[in-house]
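Let me begin by presenting the structure, written as structure tokens, before commenting on it.
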2 protein chains.
Amino acid sequence: MRRSDSDNSAAPADAASTREKLLEAAARLFLERGYAATGVSAVLAEAGVRSGSMYYFFKSKDDLLVGVLDRYLELLRPVLIEPVEAATADPIDRVFTLLAFYRHFLVSTNCRLGCPIGNLALEISDTHEEARQKVVQNFENWCAVVAGWLVDAGERLPASCDRGALSRYVLTVMEGGQMQAKAQKRIEPYDASIAGLRDHFNRLEAEARAEKERNG
Amino acid sequence: MRRSDSDNSAAPADAASTREKLLEAAARLFLERGYAATGVSAVLAEAGVRSGSMYYFFKSKDDLLVGVLDRYLELLRPVLIEPVEAATADPIDRVFTLLAFYRHFLVSTNCRLGCPIGNLALEISDTHEEARQKVVQNFENWCAVVAGWLVDAGERLPASCDRGALSRYVLTVMEGGQMQAKAQKRIEPYDASIAGLRDHFNRLEAEARAEKERNG
DNA sequence: GTCTATAGAGTGATAGAC
DNA sequence: GTCTATCACTCTATAGAC
């Protein structure tokens, strides 16, 4: 399957690179300005790509959005989860290390941007069905990882504590905290939200310890 | 100041009504489609008003957005707080009655729309400064009311518990829960979020009771 | 696969008569 | 205060040469 000899059609050059540049530019602009407020022409300018090329890879602006959300699905583990697991061994600490990663991103952008998935979730869920499903998948995968850590925490959480439900609660607090940080352009609301969650975890861990003592 | 005799200029007819219709239409459409995705012409059609009239009351689309957020500031007490306080006397229960009001709104729209303020918060905070400040004011007023209830709860919460911080945490959970409900088009994620918060409150109340016992 | 050129509809906003 | 008409621009998307 060499393409160098008699393949005189569609010479791919670096096809991946063009597609990549479009996804990267679109992701950045959708995050900075929102989906509807970002014109295709802005994506093209940012990517240094011409209209014809974009519509070769993506059949519409909507399709580009779906591509961006697919990219986020791919990036979850290498960009977020693996660094967290490498940095932190303790399963409960991993949850808060993950939340600290988001904090770092917030601070490094002066709290202007917020969560890429969360922003799109609210903007497009009711009007772009395919993209909405990708948002849900992003949330699901995120929660599955966190739920795994909570399962790893074993007896450090009460036996009655539903790990899946708690992982979704962690997402709730993370997104709610980022929303307020973005609105206020200050990190404090995010920190306060995580502190609230930390307090909740402390109480869950205390209950688990008491449980353990009672049972010998 | 009668306007019926020699006032041959700018006969106000029902000026308020036109402005009102525009705000109502804009609020509905911004909620259903988002700010950027809503054209001025759609607002005009929905309100049954012509372009010239709109630009008499609002100097730009942005200005209309600010007007909508001002309207939400006005509506907080009559539409949300007063009904909650009328329905529920217990200060801590009032918090969860308020959260149940949002649940009702979510369910009644099949979880399609979410929180009007939260949606706009993420869409416009980074690009529309004046509107962003109105969003912040909406959040502040909401939290001030909730914080007041938490203060009313007195010794039912631990002495060390910061009521203002807790009110913001309640907002965090409410917004994060609505985001997931909207993304999934199901009420369950919202209910699970509120259940998580309820569990946290239960533990805070338990600690307050233990505190009280210790101190006589 | 990439380019240019452009279609065709829609955008926010304004002017000026009434 | 409301109306019509319209400007100047941007939007997404496509056609067809290379």
Side-chain angles (χ1 to χ4, degrees), chain A residues 1-26 29-30 33-68 123-124 127-128 130-131, chain B residues 1-26 29-30 33-68 123-124 127-128 130-131:
Chain A
M1 262 294 208
R2 293 158 62 229
R3 73 156 83 103
S4 43
D5 30 36
S6 63
D7 187 340
N8 60 345
S9 78
D14 46 355
S17 159
T18 294
R19 212 188 113 97
E20 240 43 33
K21 276 189 278 190
L22 285 164
L23 286 174
E24 196 189 339
L29 291 171
F30 292 168
R33 312 181 187 175
Y35 174 70
T38 300
V40 170
S41 59
V43 176
L44 296 174
E46 184 90 353
V49 165
R50 249 55 60 206
S51 161
S53 296
M54 193 206 111
Y55 284 99
Y56 172 81
F57 291 107
F58 302 96
K59 70 177 187 298
S60 66
K61 185 188 176 188
D62 268 43
D63 195 40
L64 181 59
L65 171 62
V66 171
V68 166
E123 184 177 1
I124 56 77
T127 44
H128 297 75
E130 195 182 352
Chain B
M1 260 295 207
R2 293 158 62 230
R3 73 156 83 102
S4 42
D5 30 36
S6 63
D7 187 340
N8 60 346
S9 78
D14 46 355
S17 158
T18 294
R19 210 187 114 95
E20 241 42 36
K21 277 189 278 191
L22 285 164
L23 287 173
E24 196 189 338
L29 291 171
F30 292 168
R33 312 180 186 175
Y35 174 71
T38 300
V40 170
S41 60
V43 176
L44 296 174
E46 184 89 354
V49 165
R50 250 53 60 205
S51 162
S53 296
M54 192 205 112
Y55 285 100
Y56 173 80
F57 291 106
F58 303 96
K59 68 176 190 299
S60 66
K61 185 188 176 188
D62 269 42
D63 195 40
L64 180 60
L65 170 62
V66 171
V68 166
E123 184 177 1
I124 55 76
T127 44
H128 297 74
E130 195 182 352

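Here is the naming used below: chain letters follow the sequence lines, and residue numbers restart at 1 for every chain.
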For atom CG of B:L29 and atom C1' of C:dT11, their distance in whole Å: 16 Å
Value in whole Å for how far the P atom of D:dC3 lies from CE of B:M54: 14 Å
Gap between atom CZ of B:F57 and atom NZ of B:K21 - 0.5 Å precision: 10.0 Å
Spacing of B:R33 atom CZ relative to C:dT11 atom C1', expressed in whole Å: 14 Å
For atom CG of A:D62 and atom C1' of D:dC11, their distance in whole Å: 14 Å
Interatomic distance, B:E123 atom CD to A:I124 atom CD1 [nearest 0.5 angstrom]: 12.0 Å
Going by atom type alone, with no hydrogens or angles, which donor-acceptor pairs under 3.5 Å involve a side-chain atom of residues 61-68 of chain B and a protein atom two or more places apart or on another chain?
from: B:K61; atom 1: NZ; to: B:Y35; atom 2: O; distance (Å): 3.0
from: B:K61; atom 1: NZ; to: B:T38; atom 2: O; distance (Å): 2.9
from: B:D62; atom 1: OD1; to: B:Y35; atom 2: OH; distance (Å): 2.7
from: B:D63; atom 1: OD2; to: B:K59; atom 2: N; distance (Å): 3.2

Side-chain N or O of A:Y55 closer than 4.0 Å to phosphate OP1/OP2 of D:dA13: yes
hbond_proxy B:S51 side chain to C:dT14 base (donor-acceptor, 3.5 Å cutoff): yes
Nearest-Å distance for atom pair NZ/P, residues A:K61 and C:dA9: 19 Å
Side chain of A:Y56 - closest among C:dT4, C:dG1, D:dT12: C:dG1
Separation of atom NZ in A:K59 from atom C1' in C:dG1, rounded to whole Å: 19 Å
Nearest-nucleotide comparison on DNA chain D, the residue closer to the 5′ end among A:Y35 and A:G52: A:Y35
Euclidean distance, A:S41 OG relative to A:E46 CD, rounded to 0.5 Å: 11.5 Å
Integer-rounded Å distance: C:dA5 C1' and A:L44 CG: 14 Å
Rounded distance [0.5 Å steps], CG in B:L22 versus OG in B:S53: 7.5 Å
Sugar-phosphate, base or nothing in reach of B:G39, heavy atoms under 4.0 Å: sugar-phosphate
Sugar-phosphate only, base, or nothing, as touched by A:S41 at under 4.0 Å among non-hydrogen atoms: sugar-phosphate
Rounded distance in Å - CZ (B:R50) to C1' (D:dT6): 17 Å
